[in-house]
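A short worksheet on the structure shown next.
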Amino acid sequence: MLLYNVTVIIEDAAAEEWLQWMLEMHIPEVMATGKFVSNRLLRVLDSPNEGITYCTQYVVETVEDYDDYQQNYAPALQADLQRKFENRFVAFRTLMEFVA
């Protein structure tokens, strides 16, 4: 099992709109790819950054499913985020392996 984590730092003025979009559109679209078995959305409380920091986490069973998602789905989904919230966020993504 692997954890795909997307951390987004969103401007305060766009945070409410972004959160609603994530819950109603983006996360359901990611889950509809069938590549992930679960997800969660967390707000970072002690972020040193300006804006609001969120982590969206998706659990994927195999690296093959993750690779398929990255090749066939992620580019369009990430482009949607970029178009909708251009210049109002920064994001970074990490893939982690469960060890315990």
Side-chain angles (χ1 to χ4, degrees):
M1 298 285 272
L2 304 168
L3 181 79
Y4 174 48
N5 184 83
V6 181
T7 300
V8 171
I9 305 166
I10 186 84
E11 290 181 355
D12 289 328
E16 187 174 320
E17 178 187 1
W18 178 88
L19 183 58
Q20 181 177 354
W21 177 79
M22 285 294 290
L23 294 170
E24 295 176 3
M25 299 294 295
H26 187 75
I27 292 172
E29 289 175 344
V30 171
M31 294 306 293
T33 67
K35 299 302 172 183
F36 301 99
V37 297
S38 66
N39 70 84
R40 67 182 64 100
L41 178 61
L42 304 107
R43 181 175 173 174
V44 177
L45 298 178
D46 62 352
S47 175
N49 303 301
E50 290 186 26
I52 301 174
T53 303
Y54 289 95
C55 295
T56 311
Q57 299 180 336
Y58 304 95
V59 176
V60 59
E61 290 184 335
T62 67
V63 71
E64 291 81 13
D65 281 341
Y66 172 78
D67 288 343
D68 186 47
Y69 171 78
Q70 287 298 325
Q71 291 177 353
N72 296 306
Y73 301 97
L77 290 166
Q78 291 173 12
D80 288 345
L81 171 66
Q82 185 63 40
R83 271 192 303 276
K84 185 148 184 70
F85 297 98
E86 187 171 11
N87 298 321
R88 298 188 287 170
F89 78 98
V90 294
F92 63 92
R93 296 161 178 85
T94 51
L95 182 64
M96 297 172 266
E97 180 179 38
F98 288 91
V99 293

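What's counted below: heavy atoms across the whole structure, side chains too, no hydrogens, waters or symmetry copies. Residues: numbered from 1 along the sequence shown.
- Each of Thr56, Ile27, Leu3 was compared with Arg40 under the side-chain contact (heavy atoms from CB on, under 4.5 Å) criterion, and only Leu3 meets it.
- Considering every non-hydrogen atom in both Leu77 and Glu29, the closest pair reads CD2-OE1, 3.5 Å.
- Remark: Phe89 CZ to Lys84 NZ distance equals 12.5 Å, nearest 0.5 Å.
- Of the inter-residue distances, the one linking Ile10 atom CD1 with Asn49 atom CG reads 13.0 Å to the nearest 0.5 angstrom.
- Cluster annotation: Tyr58 and Val44 are assigned to distinct hydrophobic clusters (Ile/Leu/Val/Met/Phe/Trp/Tyr, side-chain heavy-atom contacts under 4.5 Å, transitive).
- Few gaps surround CD on Glu17; more than 12 heavy atoms of other groups in view lie less than 6.0 Å from it.
- For Arg88 against Ala14, the heavy-atom pair with the smallest separation is NH1-CB, 3.7 Å.
- What you find for Leu95 and Leu2 is that their closest heavy atoms are CD1-CB, 3.9 Å.
- Looking at residues two or more places apart in sequence or on another chain, you find a side chain to side chain contact (heavy atoms under 4.5 Å, CB included) between Gln78 and Tyr4, Gln70, Ala74, Arg93.
- Criterion: ILVMFWY side-chain heavy atoms under 4.5 Å apart, direct or through other members. Under it, Leu41 and Met31 are part of a common hydrophobic cluster.
- Taking hydrophobic clusters as Ile, Leu, Val, Met, Phe, Trp and Tyr residues chained together by side-chain heavy-atom distances below 4.5 Å, Met22 does not share a cluster with Leu42.
- What you find for Thr33 and Tyr69 is that their closest heavy atoms are OG1-CD1, 4.0 Å.
- Here the shortest heavy-atom pairing between Val8 and Ala91 reads CG2-CB, 4.0 Å.
- Proximity of Ile52 to Trp18: side-chain heavy atoms (C-beta onward) are nowhere separated by under 4.5 Å.
- Residues satisfying the side chain to side chain contact (heavy atoms under 4.5 Å, CB included) criterion with Val37, sequence neighbours excluded, are Met1, Val59, Glu61.
- What you find for Asn5 and Thr7 is that their closest heavy atoms are ND2-OG1, 2.8 Å.
- Hydrophobic clustering (side-chain heavy atoms under 4.5 Å, transitive across Ile, Leu, Val, Met, Phe, Trp, Tyr) groups Val30 together with Met25.
- Counted within 6.0 Å of CZ on Phe92, heavy atoms from surrounding residues, nucleotides or ligands total 12 or fewer; the atom is thus considered open.
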Exercise for review: Decide yes or no on side chain to side chain contact (heavy atoms under 4.5 Å, CB included) for Val6 and Tyr54, but give the supporting numbers first.
Suggested key: CA-CA 8 Å; Val6 181; Tyr54 289 95; over 6 Å; no
